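The structure appears right after this line, and notes come after that.
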Amino acid sequence: MTFDDLHIVEPILKALRNEGYTNPTPIQELSIPILLKGKDLLGCAQTGTGKTAAFGIPIIQHLYLDKAREKGQRKVRALVVTPTRELAIQIAMSFKTYGQHTGVRGTVIFGGVKETKQINAIRSGVDVIVATPGRLLDLMNRGYISLKDIKYFVLDEADQMLDMGFIHDIKKIIAKLPEQRQSLFFSATMPPSILNLSQKILGNPEKVTIKPEQTTAEKVKQSVYFVTKSNKIKLLTHILENDDVHSALVFSRTKHGANKVVKMLDRAGIRAEAIHGNKSQAARQKALGNFKSGTTRVLIATDIAARGIDVDSLSHVINFDLTNVPETYVHRIGRTGRAGASGVALSFCSSEERPYLRDIQKLINQKLTVVEDHPYVDDGTEIPPPPEPQRNRSYRGGNRNSGGGRRPNRRY
Ligand code: AMP
């Protein structure tokens with residue numbers, strides 16, 4: 001199937017051709033016809049599947065076709081709510097790209113930066129707002145944004161929203177939406193709490209599921225290195241010295257850990273940058289920009305900061321720390337092997353992390369290839385250090401990277 005078969009209007013097809021897209025990804029093939037008919041959608045899919053275009057294209061098309069009927073000043077007719085600044089920026093950019101020949105205009109709203117530019121953008125008139133919940137509510141409460149004309153509403157990465165403690169904000173936003181609207185709800189996982197929330201938003205939706213197993217197993221070459229915690233940095237240096245690693249996104253469980261890896265790599269003469277919630281928005285955007293342009297080959301990230309990182313040529317994802325949330329593993333490796341490209345995901349696994357590996361393999365329903373040929377193989381002779389003390393941190397109050405998540409000992 002090609003995009004031409006999906007009844008998409010010419011100005012959008014033109015933009016897709018410019019982007020070099022010819023064939024829709026599975027989620028696009030399934031969702032676009034449903035959404036063009038105006039139906040609600042419950043989508044179980046993660047970032048990296050082409051999800052943004054799956055909802056972006058039909059919304060832009062509706063707005064474009066409605067435009068002829070709309071007279072006078074632009075009204076905000078579409079709202080996309082997503083958990084992180086990075087994702088919001090990424091989605092807004094996709095709307096701009098796909099809608100560049102349609103006259104549909106959008107803007108992005110997120111916290112942590114001055115609001116003046118955002119308020120001015122809204123005042124100048126936009127059709128679409130892509131926003132994170134906190135700043136959106138703030139601007140709504142102060143009368144800068146009204147949702148009364150919203151016809152298309154997307155709640156993106158719903159599971160992450162709940163993990164990050166946004167449930168009350170989401171409920172307040174939903175309460176302000178008009179009854180008559182098309183609603184789209186996306187989540188990488190569908191536990192009961194998420195299904196419950198979806199029922200509050202959607203009316204009799206069509207369902208589309210893109211299984212993580214399909215997106216990961218088929219495209220990404222995954223392997224695991226057994227290594228002691230103390231040898232991980234040496235192993236990372238060893239791997240990064242290999243020329244095949246053109247660009248690597250390295251996942252660290254904690255912000256402190258991410259900074260430490262950058263420092264240690266620097267000592268070994270490998271330039272790397274870190275991206276996490278303690279960095280200012282400007283510093284995060286700069287690090288991301290350097291990584292995208294190839295100036296920085298290695299980016300160290302915590303999970304939440306990495307959401308929305310969209311680098312087409314990313315060659316390697318390296319799990320410096322394994323995650324204890326198997327779905328997060330799927331999110332992580334989805335950063336490589338995007339939209340048909342093949343990628344490589346390497347995981348470092350210390351003896352303490354073996355149970356996490358078991359959970360991950362169970363979820364993706366496959367065993368990772370064990371790499372035995374490396375200089376730091378954990379032969380089980382080193383006594384593991386005592387476990388780190390668990391700190392209890394509350395999520396709100398500006399620290400976006402610690403979780404009130406499903407698993408009590410989850411830290412970023
Ligand atoms: P997303 O899941 O929306 O974050 O998209 C993942 C990546 O796939 C982005 O880099 C998109 O630009 C790219 N992409 C989305 N749809 C297609 C397509 N049909 N063909 C090629 N690339 C695509």
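What you see is a predicted model; the values in this text were computed from it and never measured. Every number for a ligand or one of its atoms is a count from 1 in the order of the listing.
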Polar atom proximity, [X] to ligand 1 (N or O, under 3.5 Å):
{"X": "T22", "answer": "no"}
{"X": "T49", "answer": "yes"}
{"X": "F3", "answer": "no"}

Kindly check if the number of other-residue, nucleotide or ligand heavy atoms within 6.0 Å of NE2 (H374) is above 12?
yes
Is the number of heavy atoms from other residues, nucleotides or ligands within 6.0 Å of CD (E372) greater than 12?
no
What distance separates T52 OG1 from D156 CG, expressed to the nearest 0.5 Å?
6.5 Å
Output the distance between atom NZ (K232) and atom CZ (F348), rounded to the nearest 0.5 Å.
8.0 Å
State if N23 counts as touching ligand 1 under the rule of any non-hydrogen atom under 4.0 Å.
yes
Of the non-hydrogen atoms in N319 and S347, which two are nearest, and what is the gap between them?
ND2-OG, 2.9 Å
Using a strict 4.0 Å cut-off to heavy atoms of K51, name the atoms of ligand 1 that fall inside it.
1 (P), 2 (O), 3 (O)
Under 4.0 Å from one or more heavy atoms of T52, ligand 1 contributes atoms 1 (P), 3 (O), 4 (O)
Hey, looking at atom 12 (O) of ligand 1, which of Y21, Y98, F55, F186 has the closest heavy atom?
Y21
